[in-house]
Amino acid sequence: NLVNLTEKAAMKIFAHRGASTHFPENTHSAIMAALKADVDGIEVDVQSALDDYVIIHDTYLDRTTNGKGKVCDLNAQQIQQFDAGNGEQVPTLQQLIDWNSNQTLLNLELKHTFELEKFAAQLEMNITANKISADNILVSSFNHHQLHWLKNRLPWLKIGALTASIPLQYAKFAEDLQAFSIHVDKNFMNKSFVDDAKLRGLQVFAYTVDEVEDIKLMLACGVDGIFTNDPERTKHFLAQLNEL
Ligand code: G3P
Ligand code: MG
């Protein structure tokens, strides 16, 4: 009921692919708009290019840029010649870290991402150089083997185990991974899953939640945070709920 909702109308807001409703996803403008909305974190997608890591959702350039073909077949400089929307470039991982300048948490979702030793070394280098604090990095993936490898390599690293399922043993897979959080498709979120995760000491975040009805459902499940394409609107709605 509404009373319970208002009591719980506090949750973390993560900008999904930046503020991607109003700006091209995973670009500078989407990142800046998310920072301006004072989000609790920004989720972006990481792909391996030939020589670097770039911030783009798909394995192929085609949907979000005017380029064609696989991201991993080109180097970053070649990829940055394409238009990722409104004349913007596909960012590199380093550009993203620099733009954020430790203002908020970066949730780096590994997609088709390889050479993880190089990735781990880049994170370490940025922490040593005080460009970002360890607390502001959360690496997530549907590939739990990669998360397992990274946690072994960087024991301080917060990892988020992604799933679009309700496993028989609920959040056990994430506890086994020593994860910080589980990131669950909203369509597979329920209260039993959330309760189980919390008993295991895990944070629970739902993706991708933009509609008011879905926001209410996630609040009722007791999630700790949501990924939303429109953080400003979502924050506005939560504030309204709290005024009721
Ligand atoms: O990280 C949460 C969410 O972004 C996972 O799905 O396809 O939007 O990257 P996708
Ligand atoms: Mg993603």
Full working for side-chain contact (heavy atoms from CB on, under 4.5 Å) between L61 and L74: CA-CA 10 Å; L61 292 158; L74 299 175; 3.6 Å; yes
Nearest 0.5 Å, what's the [atom1]-[atom2] distance between [X] and [Y]?
X	Y	atom1	atom2	answer
K68	D73	NZ	CG	15.0 Å
T92	I55	OG1	CD1	7.5 Å
F173	Q169	CZ	CD	11.0 Å
L147	L177	CG	CG	6.0 Å
M125	I132	CE	CD1	12.0 Å
W99	H28	CH2	NE2	5.0 Å

On the 0 to 90° scale, with breaks at 30° and 60°, tag the [X]-[Y] ring pair as parallel, tilted or perpendicular.
X	Y	value
H183	F227	tilted
F14	F205	perpendicular
Y170	F193	tilted

Between [X] and [Y], what is the shortest heavy-atom contact and its length?
X	Y	answer
A164	Y207	CB-OH, 3.7 Å
A37	K235	O-NZ, 3.2 Å
A33	F23	CB-CE1, 3.3 Å
D58	V71	O-CG2, 3.7 Å
D52	A76	CB-CB, 3.9 Å
L202	A179	CD2-O, 3.2 Å

Tell me which one of R17, E109, Q47 satisfies side chain to side chain donor-acceptor pair (under 3.5 Å) with H57.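 In the set R17, E109, Q47, the residue that makes a side chain to side chain donor-acceptor pair (under 3.5 Å) with H57 is R17.
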Qualifying residue for side chain to side chain donor-acceptor pair (under 3.5 Å) with T228, from D210, T21, T208: D210
With heavy-atom distances below 4.5 Å as the criterion, would you say the side chains of [X] and [Y] are in contact?
X	Y	value
L123	V139	yes
D98	K131	yes
T27	N86	no
E117	W149	yes
E115	S48	no

Quick check on the hydrophobic clustering: are [X] and [Y] connected, directly or via other members, by side-chain heavy-atom contacts under 4.5 Å?
X	Y	result
L217	I215	yes
M32	I56	no
V39	F180	no
V90	V46	no
I137	L150	yes

Under 3.5 Å, is there a donor-acceptor pair linking the side chains of [X] and [Y]?
X	Y	result
E88	S29	yes
D83	N66	no
N126	Q94	yes

Audit row: V44, I31, side-chain contact (heavy atoms from CB on, under 4.5 Å) steps and yes/no: CA-CA 9 Å; V44 297; I31 306 302; 3.9 Å; yes
How about [X]: does its [atom1] atom have over 12 heavy atoms from other parts shown lying under 6.0 Å from it?
X	atom1	result
K70	NZ	no
Q103	CD	yes
Y60	OH	no
H148	NE2	no

V204, L199, I182 screened by side-chain contact (heavy atoms from CB on, under 4.5 Å) with V194, the one that passes: V204
Mark yes or no for whether [X], through its side chain, and [Y], through its backbone, hold a donor-acceptor pair below 3.5 Å.
X	Y	answer
E25	G18	no
D40	I13	yes
Q89	Q80	yes
K186	D214	no
T234	E232	no
N229	S20	no
Y53	F119	yes

Hey, mind stepping through K12 and D224 against side-chain contact (heavy atoms from CB on, under 4.5 Å) and telling me if it holds? CA-CA 6 Å; K12 293 200 164 84; D224 299 292; 5.7 Å; no
Working for side-chain contact (heavy atoms from CB on, under 4.5 Å), residues L116 and L110: CA-CA 10 Å; L116 286 187; L110 304 182; 4.1 Å; yes
What residues, two or more places apart in sequence or in another chain, satisfy side-chain contact (heavy atoms from CB on, under 4.5 Å) together with S165?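 Expected list: T163, P167.
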Are the charged groups of D135 and K158 less than 4.0 angstrom apart, N to O?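 Salt bridge present between D135 and K158.
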Going by side-chain heavy atoms closer than 4.5 Å, which hydrophobic residues are tied to L50, directly or by a chain of links? none
